[in-house]
Amino acid sequence: MMKVLVAYATRHGSTAGIAERIAAALSAGGHPADAVSVEDAGPVEGYDAVVLGGAAYMFHWLKPALQFARRHQAALAQRPVWLFSSGPLGTADVDAEGKDVRTAARPQEFDELTRTLSPRGERVFFGAYDPDQKPVGLGERLTRAMPAGRELLPEGDFRDWDDIDAWATQIAEELNGLAE
C-alpha cells in the first residue's frame, strides 16, 4: 500500500473532477489517495507517490501546477510521479489535419517536467466547457468573443471516464509492483 497525493490546478472544476476520479480509483485499488488543489496541498513528503495534473490553455499548463512542481521538485524527484493535463474539447480524436488532438494539446511544460521529475507516465485527457461559467483569463475572454468561438470552445463535458479509470488502474498496478 502506498499513499498517493493527487494534486491539481483547475479553472472551472473539470480538472478537479478528473483528479477526484483518479484518487477514488487509486483508493479502490488499495492505495489511499487524496485529491487536493495545488494551492491547498502541503508538503509532498507525507506521500509515497504523486499524480500531478492541471488544465491546459493555449498549449500551456496552468501556472499553479507548474509552480507546485518547481517548488516541490526535490521531493517529487524522489518518488514516483505521474502527470496529467486536461483541455482538448470535442469528440474528435484527430484534428482537420489528421493530428492526434491529445498529442497536439500536450502542455509545453511537460518537456521541462520530464527532464526534472522523470515521471513514470503522462496523459492528456479531454476536458469540459460550460459557456455559462464566467471566463477566466484574457485568452478565454478573447476566444469566446471571436466569431468562431463556439467552434473553438464547443460546449459540453468531453471527459472520457473510462480512459481516466483505465489510467488510474494502470498507476495502481505500478504502485503494487513498487510496494512489493
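Scope of the values below: all heavy atoms of this structure, side chains included, with no hydrogens, waters or symmetry mates. All residue numbers in this chain count up from 1 along the given sequence.
Between Met1 and Asp48, the closest side-chain pair of non-hydrogen atoms is not below 4.5 Å. Side-chain atoms of Trp167 and Val51, non-hydrogen and from C-beta on, do get closer than 4.5 Å to each other. A heavy-atom distance below 4.5 Å is found between the side chains of Asp34 and Lys3. Using a 4.5 Å heavy-atom cutoff, the side chains of Ile22 and Phe84 are in contact. With contacts defined as side-chain heavy-atom distances shorter than 4.5 Å, the pair Ser85/Arg106 does not qualify. Inter-residue side-chain proximity for Asp163 and Phe125 is flagged as met; some heavy-atom pair is nearer than 4.5 Å. Residues Leu113 and Leu66 are in side-chain contact: their nearest non-hydrogen atoms beyond the backbone lie under 4.5 Å apart. Contact annotation: the side chain of Ile171 never approaches that of Arg123 to less than 4.5 Å [non-hydrogen atoms, C-beta and beyond].
Grouping the Ile, Leu, Val, Met, Phe, Trp and Tyr side chains by contacts below 4.5 angstrom, directly or via other members, places Phe110 apart from Ile164. Linking ILVMFWY residues whenever their side-chain heavy atoms come closer than 4.5 Å, directly or via other members, places Val101 and Phe158 in the same cluster. Cluster annotation: Trp82 is not connected to Val44 through the hydrophobic network of ILVMFWY side chains, with a link wherever side-chain heavy atoms come within less than 4.5 Å. Hydrophobic clustering (side-chain heavy atoms under 4.5 Å, transitive across Ile, Leu, Val, Met, Phe, Trp, Tyr) keeps Tyr8 apart from Leu62. Hydrophobic clustering, with ILVMFWY side chains joined whenever heavy atoms are under 4.5 angstrom apart, keeps Leu52 apart from Leu178.
Arg79 contributes no side-chain N or O that, together with a main-chain N or O of Val50, makes up a donor-acceptor pair within less than 3.5 Å. Side-chain atoms of His31 do not come within 3.5 Å of backbone N or O of Leu26 as any donor-acceptor pair. With hydrogens and angles ignored, the 3.5 Å screen pairs a side-chain donor or acceptor of Ser27 with a backbone N or O of Ala33. Side-chain atoms of Trp61 never come within 3.5 Å of backbone atoms of Pro107 as a donor-acceptor pair (strictly under, hydrogens ignored).
Looking at every heavy atom in both residues, Glu109 comes nearest to Phe59 through OE1-O, 4.0 Å. When all heavy atoms of Pro119 and Leu83 are compared, the pair lying nearest together is CG-CD1, 3.8 Å. Here the closest non-hydrogen pair linking Arg159 and Ser14 is NH1-O, 3.1 Å. When all heavy atoms of Gly53 and Ala65 are compared, the closest pair comes out as O-CB, 4.0 Å. When all heavy atoms of Ala55 and Thr15 are compared, the pair lying nearest together is CB-OG1, 3.4 Å.
Note that the CG atom of Leu117 and the CD atom of Gln78 stand 11.5 Å from one another [nearest 0.5 Å]. With rounding to the nearest 0.5 angstrom, the CE atom of Met58 is 12.0 Å from the CD atom of Gln108. Separating the CG atom in Asp93 from the CZ atom in Arg102 is a distance of 4.5 Å, to the nearest 0.5 Å.
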Chi angles and distances behind the side-chain contact (heavy atoms from CB on, under 4.5 Å) call for Phe126, Ser86: CA-CA 5 Å; Phe126 283 93; Ser86 68; over 6 Å; no
Derivation of the side-chain contact (heavy atoms from CB on, under 4.5 Å) call for Thr116 and Leu76: CA-CA 9 Å; Thr116 59; Leu76 291 169; over 6 Å; no
Candidate pair Val81 and His72, rule side-chain contact (heavy atoms from CB on, under 4.5 Å), full reasoning: CA-CA 12 Å; Val81 172; His72 297 285; over 6 Å; no
Stepwise side-chain contact (heavy atoms from CB on, under 4.5 Å) check, Asn176 with Met2: CA-CA 8 Å; Asn176 288 339; Met2 297 181 80; over 6 Å; no
